[in-house]
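Okay, so here's the structure we're looking at.
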Amino acid sequence: MSTSTSVQNPNIGANLPIPTENTGTHNPDSGGLIDTATAMSALVDILDGQPITPPSLYIDLEGVNLSRHGTISILQIYVLPLRRAYLIDIHILGEKAFSTLSSTMGRTFKDILESETIPKVFFDVRNDSDALFSHFQIRLAGVQDLQLMELATRTFSRRVVCGLARCIEHDASLSASERSSWMATKERGTRLFAPERGGSYQVFNERPLNEEIRRYCVQDVHLLPRLWAHYYGKLTKAWERRVCEASRDRVALSQTPGFNGKGRHMALAPAGWSWL
């Protein structure tokens, strides 16, 4: 059974529960593949109406050259109140993943992703947004970008952003056993998909889904709530507004014709942040 701790943000006054053990990999039901319209409809029912403070929905994507030039294979979503991850099979479902109606409210996953009032937490939303908009015309809204939250709470240079792995290592408060498990799962998954390690991104499209890939998909998205609570507890009101604005700007930029999601420019902080 998972336990939780709380982080207090003095600017907001909300108690923020965060998971303290790796329930995503220990729960045998967590991380199952959603690959039918019926299962997708049931999932939308689950996602709709979840609490919004702290955010309930934490999202990541995997694919082959994840961008407008590639494809989306899997969309991972961790639901904090349920302590459970779901893997949506975009490779199989395609557009049905976003257009299937829920059985009760008649809403779709697209409606949830595009809702300004339902917060969705991503880590560096740019390429995810690029792929979702280009392939499925999803205009993300209500995005809270963890990469920007980390940058906003620094007490040192804000010139360049950090990657997810570094943030998890430094800020996810992993125990020794959790750190060992996280590193082992990351290593096994990377060997399967990274071309420079002899792998192929096509592994995300193989069915049945490789168990090591399933664990890899679940693992990082499961840790996003810990990062959110860590950074949110340090945000001032002014920096919270900047993060919201910059998150919206990232989504808007990703939808422009000239957006390029690869290159050294992706490591730079939002304009003006390094001087604040």
Side-chain angles (χ1 to χ4, degrees), residues 40 43-44 47 52 55-79 85-91 93-99 107-152 160-165 167 201 204 217 220-221 224-225 227-228 231 240-271 273:
M40 193 66 221
L43 178 60
V44 176
L47 301 179
I52 62 172
S56 292
L57 308 182
Y58 299 77
I59 299 174
D60 192 18
L61 280 72
E62 305 293 348
V64 180
N65 187 22
L66 185 66
S67 66
R68 65 188 63 188
H69 306 295
T71 58
I72 304 173
S73 302
I74 297 168
L75 186 150
Q76 307 100 275
I77 183 163
Y78 185 81
V79 184
Y86 299 87
L87 306 184
I88 303 174
D89 195 337
I90 308 299
H91 177 65
L93 286 174
E95 189 269 341
K96 289 181 182 178
F98 307 102
S99 63
R107 299 237 288 176
T108 66
F109 189 41
K110 183 177 191 288
D111 293 330
I112 291 172
L113 291 173
E114 295 187 336
S115 172
E116 188 68 55
T117 60
I118 301 175
K120 279 82 57 179
V121 180
F122 290 75
F123 189 96
D124 191 356
V125 72
R126 292 172 290 183
N127 282 326
D128 292 348
S129 175
D130 177 27
L132 287 168
F133 178 71
S134 299
H135 299 301
F136 300 105
Q137 295 73 58
I138 304 295
R139 297 178 179 274
L140 289 174
V143 169
Q144 298 183 21
D145 194 320
L146 279 170
Q147 189 177 59
L148 295 173
M149 291 176 71
E150 185 279 329
L151 194 66
V160 295
V161 297
C162 279
L164 178 57
C167 289
Y201 285 102
F204 289 111
C217 290
D220 284 353
V221 76
L224 297 186
L227 295 180
W228 185 91
Y231 302 138
E240 186 180 359
R241 285 193 296 270
R242 292 186 187 109
V243 167
C244 288
E245 292 169 2
S247 296
R248 285 195 295 267
D249 290 345
R250 279 186 160 190
V251 171
L253 177 64
S254 74
Q255 297 171 357
T256 60
F259 175 73
N260 176 14
K262 297 185 185 299
R264 297 176 66 180
H265 65 282
M266 294 289 284
L268 298 177
W273 277 35

To the nearest 0.5 Å, tell me how far [X] [atom1] sits from [Y] [atom2].
X    : Y   : atom1 : atom2 : result
I72  : D89 : CD1   : CG    : 12.0 Å
F122 : L61 : CZ    : CG    : 6.5 Å
H135 : H69 : NE2   : NE2   : 9.0 Å
I90  : T71 : CD1   : OG1   : 11.0 Å

**Report entry** Contacts of type ring pair (Phe, Tyr, Trp, His ring centres under 6.0 Å), residue F204, not counting sequence neighbours
**Finding:** F193
Query raised in the report: With sequence neighbours excluded, what pairs up with F133 under the ring pair (Phe, Tyr, Trp, His ring centres under 6.0 Å) test?
Result: none
For [X], check side-chain hydrogen bond (donor to acceptor under 3.5 Å, both in side chains) against everything at least two apart and list the hits.
X    : value
R68  : D130
H91  : N205
T117 : S115
S56  : none

Requested in this report: Please report the C-alpha distance between L164 and L227 in whole Å, then the side-chain angles of each, then the deciding distance to 0.1 Å, and finally whether the side chain to side chain contact (heavy atoms under 4.5 Å, CB included) criterion is met.
Outcome: CA-CA 10 Å; L164 178 57; L227 295 180; 3.8 Å; yes
[X] versus [Y]: any side-chain heavy-atom pair under 4.5 Å?
X    : Y    : answer
I112 : T108 : no
I88  : I74  : no
M40  : K96  : no
L75  : F109 : yes

Query - Criterion side-chain contact (heavy atoms from CB on, under 4.5 Å) against L57, the qualifying member of I77, L113, L224 - result: I77
Requested in this report: Quickly, which of S134, S67, S129 forms a side-chain contact (heavy atoms from CB on, under 4.5 Å) with S254? Name it, please.
Outcome: S129
Could you tell me which residues satisfy side-chain contact (heavy atoms from CB on, under 4.5 Å) with [X], sequence neighbours excluded, listed by chain and number?
X    : result
N260 : K262, H265
A152 : L235, W239, V243, W273
E95  : S99, F136
A165 : W182, K186

Query raised in the report: Could you go step by step and tell me if N127 and F259 meet the side chain to side chain contact (heavy atoms under 4.5 Å, CB included) rule?
Result: CA-CA 9 Å; N127 282 326; F259 175 73; 3.8 Å; yes
Heavy atoms only: give me the nearest [X]-[Y] pair and the separation to one decimal.
X    : Y    : answer
P225 : Y58  : CA-CE2, 3.6 Å
D60  : E62  : OD2-OE2, 3.7 Å
F98  : L132 : CZ-CD2, 3.8 Å

Requested in this report: Would you check, one step at a time, whether the test side chain to side chain contact (heavy atoms under 4.5 Å, CB included) holds for V121 with I59?
Outcome: CA-CA 6 Å; V121 180; I59 299 174; over 6 Å; no
Query - Partners passing salt bridge (charged side-chain N to carboxylate O under 4.0 Å, His left out) against R241 (at least two apart in sequence or in another chain) - result: none
For residues 142-150, which side-chain N or O atoms pair as donor and acceptor with protein atoms under 3.5 Å away, sequence neighbours left out?
unit_1	atom_1	unit_2	atom_2	d
Q144	OE1	W228	NE1	2.7
D145	OD1	D124	N	2.9
D145	OD1	Q147	N	3.0
D145	OD2	V125	N	3.0
D145	OD2	R250	NH1	2.9
Q147	OE1	R250	NH1	2.9
Q147	OE1	R250	NH2	3.0
Q147	NE2	C162	O	2.8
E150	OE1	R154	NE	3.2
E150	OE1	R154	NH2	3.1
E150	OE2	R154	NE	3.0

